[in-house]
Amino acid sequence: MKSVGKNLSLTFRAEPDSVPVARRSVSEFAAEAGADRLQVDAVRLAVSETMTNAVLHAYSGEPGNVYVTAAVVPGELWVLIADEGRGLEPRADRPGLGLGLALIAQVTDELAIVPRAGGGIEVRMRFDLVRADRVTRADPGQESPARAAHLRGQQQYA
């Protein structure tokens with residue numbers, strides 16, 4: 001893992017074995033940045049889904065690279081995952097129900113998917129680093145979308 005101050009920069013092959021390594025690396029970085037357990041879970045899920053999409057859909061033939069960058073700015077964690085593949089194209093030859101992007105959108109505080117000038121896409125995810133001790137329980141509006149989505153999921157399975 002290459003962590004420079006408040007930044008993390010990793011390159012992976014777009015292969016299934018890369019998904020858990022990226023997930024673990026970015027989750028650990030998020031925890032070190034001050035994310036609480038629920039936020040780390042949201043980061044873990046979003047990174048896993050995004051990396052899986054890159055592995056399954058970005059390249060045809062030989063796998064290319066997937067670039068993962070995480071950075072901390074005051075009160076926020078940004079995670080960028082980029083590839084140099086085919087971009088967002090419908091793929092009848094690949095598995096999946098197409099629910100990954102909706103799931104990512106639900107657990108992040110901001111999501112953007114943008115084409116890269118050299119080909120491929122970049123998924124930009126923002127997570128608010130709001131610790132539980134700073135969230136006032138009297139005002140549930142203080143909770144970030146990622147925290148609220150996670151809590152809704154917990155309530156469904158309780």
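Just so it is clear, the values below take in all heavy atoms, side chains as well, and ignore hydrogens, waters and symmetry mates.
- You'll find the side chain of R126 stays beyond 4.5 Å of the side chain of T108, heavy atoms only.
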What's the verdict on side chain to side chain contact (heavy atoms under 4.5 Å, CB included) for V72 and F29, showing C-alpha distance, side-chain angles and the deciding distance?
-> CA-CA 9 Å; V72 177; F29 182 81; 3.8 Å; yes

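- W78 and M51 sit in two unconnected hydrophobic clusters of ILVMFWY residues. Membership requires side-chain heavy atoms under 4.5 Å apart, directly or through other members.
- Using a 4.5 Å cut-off on side-chain heavy atoms (C-beta onward), T69 and N7 make no contact.
- Between V43 and V47, the closest side-chain pair of non-hydrogen atoms falls below 4.5 Å.
- Of all heavy-atom pairs between L129 and A33, the closest is CD1-O, 3.8 Å.
- Residues L10 and L80 fall into different hydrophobic clusters, defined by Ile, Leu, Val, Met, Phe, Trp and Tyr side chains chained together at heavy-atom separations under 4.5 Å.
- Between L101 and L103 there is no side-chain heavy-atom pair separated by less than 4.5 Å.
- A donor-acceptor pair under 3.5 Å is absent between the side-chain atoms of Y67 and the main chain of E84, judged by distance alone.
- Looking only at distances, no side-chain donor or acceptor of E28 sits under 3.5 Å from a matching main-chain atom of S25.
- Here CG of D109 is found 4.0 Å from CG of D128. Values are rounded to the nearest 0.5 Å.
- The CD atom of E49 sits 11.5 Å away from atom CD of Q106, with the distance rounded to the nearest 0.5 Å.
- Scanning both residues, P16 and V55, for their nearest heavy atoms gives N-CG1, 3.7 Å.
- Listed here is the closest heavy atom pair of L77 and A30: CD2-CB, 3.6 Å.
- The backbone N or O of D83 lies less than 3.5 Å from a partner atom in the side chain of R116, making a donor-acceptor pair.
- Heavy atoms only, all atoms of each residue included: A14 and A54 are closest at CB-O, 4.2 Å.
- Of all the heavy atoms in V107 and A42, the pair that sits closest is O-CB, 3.6 Å.
- Closest non-hydrogen pair, S48 versus T52, comes out as O-OG1, 2.7 Å.
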Steps toward side chain to side chain contact (heavy atoms under 4.5 Å, CB included) verdict (V26, L8) = CA-CA 8 Å; V26 179; L8 175 71; 4.1 Å; yes

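- Using a 4.5 Å cut-off between side-chain heavy atoms of Ile, Leu, Val, Met, Phe, Trp and Tyr, with links allowed through other members, M125 and V114 fall into different hydrophobic clusters.
- With values rounded to the nearest 0.5 angstrom, E15 atom CD is found 11.5 Å from Y59 atom OH.
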Going through the distances and angles, do E122 and I81 end up as a side chain to side chain contact (heavy atoms under 4.5 Å, CB included)?
-> CA-CA 6 Å; E122 181 174 86; I81 299 180; over 6 Å; no

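- Annotation: the span from R24 atom CZ to R44 atom CZ amounts to 10.5 Å, rounded to 0.5 Å.
- With hydrogens and angles disregarded, a donor-acceptor distance shorter than 3.5 Å links the side chain of S27 to the backbone of R23.
- We find the CZ-CG distance between F127 and L111 to be 9.0 Å, quoted to the nearest 0.5 Å.
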Could you give me the CA-CA distance, side-chain angles and deciding distance for T50 and I104, then say whether side chain to side chain contact (heavy atoms under 4.5 Å, CB included) is met?
-> CA-CA 8 Å; T50 304; I104 296 165; 3.2 Å; yes

